[in-house]
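Shown next, in structure tokens, is the structure this report addresses.
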Amino acid sequence: MKRMTVALAIGALLLGGAATASATPAGPRVPDAIKVPDGNRHLATYYGEGVQIYGCTNGAWTLIQPAAVLSKHGKPVALHSKGPVWTSTVDGSTVGASAQANSPREGAIPELLLKANLNTGDGVFGKVTYIQRLDTRGGVAPAGTCAAGAQTAVPYSADYSFWVAK
């Protein structure tokens, strides 16, 4: 009887897992303000985790730069740094971009639409046209005043979606 119960439990898990694996996941709702223009297709989305580095200027915290690692299935695939710039750790290609639009997010840095203004290399980022920073968590500058010259790093994470021309 014990074997039958274990077999049924494993079978149920396998069937449930198969149903879950084959279901199409619902994508995050992307605000209209940061939707990618027609004429582009989705290339890849990577999970980014790192810090937003802030410095104190005239008694207020201002962004100096992000520093994050982007990963796919837990494996690092790119670095994100000041510019903003994303560099593939797999093939060395790079994309730089400038913010075109944003969408506020409570308790987190805003979601963004960025347009590429620099592409180098023939790899994954070589032909990127747009980048979306989505599902942001954390990264908000500290509240209140600060002492001149102070710096702080605030943890954040986001999903970065990369787009290329059709």
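Computed from heavy atoms alone, side chains included, the values below leave out hydrogens, waters and symmetry copies.
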Given 3.5 Å as the limit, does a donor-acceptor pair link the side chain of [X] with the main chain of [Y], or not?
X	Y	value
Thr129	Trp163	yes
His80	Val85	yes
Tyr160	Ala44	no
Thr94	Asn119	no
Thr136	Ala108	no

Minimum heavy-atom distance [X]-[Y], with the two atoms named:
X	Y	result
Pro142	Val154	CD-CG2, 4.2 Å
Lys166	Asn40	CE-O, 3.4 Å
Pro66	Gln52	CB-NE2, 3.8 Å
Thr89	Ala78	OG1-N, 3.6 Å
Thr57	Thr62	OG1-OG1, 3.3 Å
Cys56	Ala148	SG-N, 3.9 Å

Q.
Going by the rule salt bridge (charged side-chain N to carboxylate O under 4.0 Å, His left out), which residues pair with Lys115 if we only count those two or more places apart in sequence or in a different chain?
A. none

Report the distance from atom [atom1] of [X] to atom [atom2] of [Y], rounding to the nearest 0.5 Å.
X	Y	atom1	atom2	answer
Arg29	Ser103	CZ	OG	7.5 Å
Gln65	Tyr54	CD	OH	12.0 Å
Lys75	Leu70	NZ	CG	14.0 Å
Ile131	Thr45	CD1	OG1	11.5 Å
Leu112	Ile34	CG	CD1	7.0 Å

Q. More than 12 non-hydrogen atoms from neighbouring residues, nucleotides or ligands closer than 6.0 Å to CG on Asn117, yes or no?
A. yes

**Q.** Result of checking Val124, Val95, Val128 against Trp86 for side-chain contact (heavy atoms from CB on, under 4.5 Å)
**A.** Val95

Q) Cluster question for you: counting only ILVMFWY and a side-chain heavy-atom cut-off of under 4.5 Å, with indirect links fine, are Trp61 and Leu63 together? A) yes

Q) Do Leu43 and Leu114 belong to the same hydrophobic cluster, where Ile, Leu, Val, Met, Phe, Trp and Tyr are linked whenever their side-chain heavy atoms lie under 4.5 Å apart, directly or via other members? A) yes

Between [Y] and [X], is there a side-chain heavy-atom distance shorter than 4.5 Å?
X	Y	answer
Phe125	Thr87	no
Lys82	Pro84	no
Val30	Val36	no
Pro110	Arg133	yes
Glu49	Val69	no

Q | Charged N-O contact under 4.0 Å between Asp135 and Arg105 | A | yes

Q) Tell me the salt bridge (charged side-chain N to carboxylate O under 4.0 Å, His left out) pairs involving residues 84-102, sequence neighbours left out? A) none

Q: Could you please spell out the steps behind the side chain to side chain contact (heavy atoms under 4.5 Å, CB included) verdict for Leu113 and Lys35?
A: CA-CA 7 Å; Leu113 173 64; Lys35 286 191 175 172; over 6 Å; no

Q: Could you list the residues that satisfy ring pair (Phe, Tyr, Trp, His ring centres under 6.0 Å) with Tyr46, not counting sequence neighbours?
A: Phe162

